[in-house]
A.B. asks: 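Please find one structure pasted underneath; my questions will follow.
Since we're looking at a predicted model, the values are computed, not measured. Reminder, nothing fancy here: chain letters follow the sequence lines and each chain counts from 1.
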Amino acid sequence: MSTILNENLIYEILSVVEEIPPGNVATYGQIARLIGREKNARLVGSVLKRSEYYGSYPCHRVVNHEGRLAPSFPEQKELLLEEDVPFKSENQVDLKKAQWEI
DNA sequence: CCCTTGACACGGG
DNA sequence: ACCCGTGCCAAGG
């Protein structure tokens, strides 16, 4: 009963992440808005941090509102480059070109 | 129940 | 571009 919120959140967040097309990225805030929780961007991050526990999701396609990559996720850059995601600088995605448009 | 954490966001300087 | 303060809120201790 009391864990339903947690489970719903994880499900909603991961099902949005799953829909990000290859070659595009979404921001934490964008995902939060898409699930109707605009102010919960930090929560999106903490779910993705342990997303491996829930299965295989393209969590490398999620960056912050500046296009910066996630700390403690060294493989992220290579995974994005493999999909030809455009970078603006060494560790910053070009959001103008790469952000997922709904 | 209170306190701290945090893969965030946003506005200022 | 960088650093800082503030707001945010579920989760974990």
Side-chain angles (χ1 to χ4, degrees):
Chain A
M1 225 25 155
S2 56
T3 60
I4 300 247
L5 174 57
N6 180 26
E7 291 170 6
N8 282 347
L9 274 174
I10 293 166
Y11 171 76
E12 292 180 58
I13 290 169
L14 293 178
S15 58
V16 170
V17 169
E18 223 168 17
E19 293 177 35
I20 307 170
N24 284 95
V25 297
T27 70
Y28 299 97
Q30 181 179 5
I31 293 169
R33 284 195 302 278
L34 287 171
I35 64 171
R37 288 172 165 269
E38 185 169 2
K39 301 177 179 177
N40 286 52
R42 305 188 85 137
L43 199 53
V44 174
S46 50
V47 168
L48 292 185
K49 180 177 55 180
R50 42 201 181 89
S51 62
E52 277 184 309
Y53 176 80
Y54 302 106
S56 185
Y57 295 90
C59 51
H60 61 285
R61 296 182 192 135
V62 184
V63 297
N64 76 7
H65 72 119
E66 293 179 317
R68 300 251 170 216
L69 307 189
S72 70
F73 190 5
E75 319 91 290
Q76 185 174 18
K77 183 176 180 183
E78 187 57 31
L79 290 169
L80 291 173
L81 289 174
E82 284 172 14
E83 299 182 351
D84 297 314
V85 170
F87 275 65
K88 195 176 176 184
S89 62
E90 193 59 22
N91 281 299
Q92 188 172 23
V93 167
D94 189 339
L95 276 182
K96 292 221 172 210
K97 295 179 184 170
Q99 185 162 17
W100 180 32
E101 305 291 350
I102 313 298

A.B. asks: I'd like to compare against my own output: the B/S/- annotation of nucleotides 2-13 of chain B with a strict under-4.0 Å heavy-atom distance to protein.
C.D. replies: ----BBBSB---

A.B. asks: Do you know which of A:N8, A:L43, A:N40, A:I13 makes side chain to side chain contact (heavy atoms under 4.5 Å, CB included) with A:I35?
C.D. replies: A:I13

A.B. asks: Could you walk me through whether A:V85 and A:D94 pass the side-chain contact (heavy atoms from CB on, under 4.5 Å) test, one step at a time?
C.D. replies: CA-CA 8 Å; A:V85 170; A:D94 189 339; over 6 Å; no

A.B. asks: Check the distance between C:dC2's P and A:E90's CD and give it to me in whole angstrom.
C.D. replies: 13 Å

A.B. asks: Consider salt bridge (charged side-chain N to carboxylate O under 4.0 Å, His left out). Of A:E83, A:E18, A:E82, which one does A:R61 pass it with?
C.D. replies: A:E83

A.B. asks: Is there a donor-acceptor contact under 3.5 Å from the side chain of A:Q76 to the main chain of A:A70?
C.D. replies: yes

A.B. asks: When you measure from the side chain of A:K39, which nucleotide among C:dC2, C:dC8, C:dA11 comes out closest?
C.D. replies: C:dC8

A.B. asks: What is the distance from CD1 of A:I10 to P of C:dC9, rounded to the nearest Å?
C.D. replies: 19 Å

A.B. asks: If you count the non-hydrogen atoms of other residues, nucleotides and ligands that lie under 6.0 Å from OH in A:Y54, is the total more than 12?
C.D. replies: yes

A.B. asks: For A:N6 and C:dG12, give me the distance from atom CG to atom C1', rounded to whole Å.
C.D. replies: 11 Å

A.B. asks: Hey, is CD on A:E75 packed in by over 12 heavy atoms from elsewhere, all under 6.0 Å?
C.D. replies: yes

